[in-house]
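One-based numbering along the sequence shown.
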Amino acid sequence: MFRFAPVLVLILIAGCVTTPLGVRITSRAPADTTAAPGPPLPKRAWIFVEGVQQSTTPATVTIRREFEVTNVSLHVGASFEKVRHYEIERVRTASRVMMDYSFRGSVDGGMLTFTTTELSQDRKGRFMIPFYSGPIRIVDHEYDLELIVTP
């Protein structure tokens with residue numbers, strides 16, 4: 001019985017924080033703060049995917065749309081206050097087709113690219129990432145997050 005205890009502890013520890021299938025998070029080194037004054041530095045935030053803490057910004061989060069990941073949120077401070085919530089839409093609907101005309105994104109390097117100011121928000125303040133057949137990149141300059149949704 002005691003022979004398996006270290007293996008069980010290792011499995012339990014490894015299972016505490018897991019990244020969902022189809023999600024890859026790449027941390028990026030923060031900008032050099034010793035440089036001459038310029039634009040303000042981005043705010044730091046905790047990244048949560050499907051409600052589970054994953055990493056901190058600055059980071060790039062890549063999500064494959066065909067897996068069941070639909071929620072990415074950013075939290076700040078010791079109380080983990082939620083400051084951003086991204087909702088990845090899974091299907092194209094008639095109402096979404098009409099909303100697509102309101103998006104002002106651009107095509108950059110083969111990806112449809114939006115900033116947080118270009119995304120529409122629902123009544124709860126969630127940023128809605130539209131269904132699109134190609135890759136979509138969301139750039140959040142305030143928190144230095146790049147969210148990439150691939151088909």
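The nearest pair of heavy atoms linking Leu21 to Val69 is O-CG2, 4.0 Å. Lys82 and Arg84 make their closest contact through CG-O, 3.6 Å (heavy atoms, listed as atom of the first residue, atom of the second, distance). Of all heavy-atom pairs between Pro135 and Pro151, the closest is N-CD, 3.9 Å. Counting all heavy atoms, side chain and backbone alike, Arg137 lies closest to Ile148 at CG-CG1, 4.2 Å.
Taking 4.5 Å as the limit, some side-chain heavy atom of Leu147 sits within range of a side-chain heavy atom of Val72. Taking 4.5 Å as the limit, some side-chain heavy atom of Asn71 sits within range of a side-chain heavy atom of His85. You'll find the side chain of Arg126 stays beyond 4.5 Å of the side chain of Gln121, heavy atoms only. Looking only at side-chain heavy atoms (C-beta outward), Gln54 and Pro20 come within less than 4.5 Å of each other. The shortest distance between side-chain heavy atoms of Thr115 and His141 falls below 4.5 Å. The closest side-chain heavy-atom distance from Ile47 to Val61 is below 4.5 Å. Val76 is not listed as a side-chain neighbour of Lys43, based on a closest heavy-atom distance of 4.5 Å or more. No side-chain heavy atom of Val52 sits less than 4.5 Å from a side-chain heavy atom of Thr18.
In this structure, a donor-acceptor pair under 3.5 Å is absent between the side chains of Thr26 and Thr60. For the residue pair Thr150 and Arg65, no side-chain donor N or O sits within less than 3.5 Å of a side-chain acceptor on the partner.
Arg44 contributes a side-chain N or O that, together with a main-chain N or O of Thr57, makes up a donor-acceptor pair within less than 3.5 Å. Proximity of a side-chain donor or acceptor of Glu89 to a complementary backbone N or O of Pro130 within less than 3.5 Å is not detected. Not a single donor-acceptor pair under 3.5 Å links the side chain of Asp140 to the backbone N or O of Asp144.
With values rounded to the nearest 0.5 angstrom, Phe127 atom CZ is found 14.0 Å from Ile88 atom CD1. Put simply, CD1 on Ile138 and OG1 on Thr116 are 9.0 Å apart, with the number rounded to the nearest 0.5 Å.
Cluster membership check: Val139 does not share its hydrophobic cluster with Met128, using side-chain heavy-atom separations under 4.5 Å among Ile, Leu, Val, Met, Phe, Trp and Tyr. Under the 4.5 Å side-chain heavy-atom criterion for Ile, Leu, Val, Met, Phe, Trp and Tyr, Val49 and Trp46 are members of distinct hydrophobic clusters.
Taking the six-membered ring for Trp and the full ring otherwise, His75 and Phe48 have centroids separated by under 6.0 Å.
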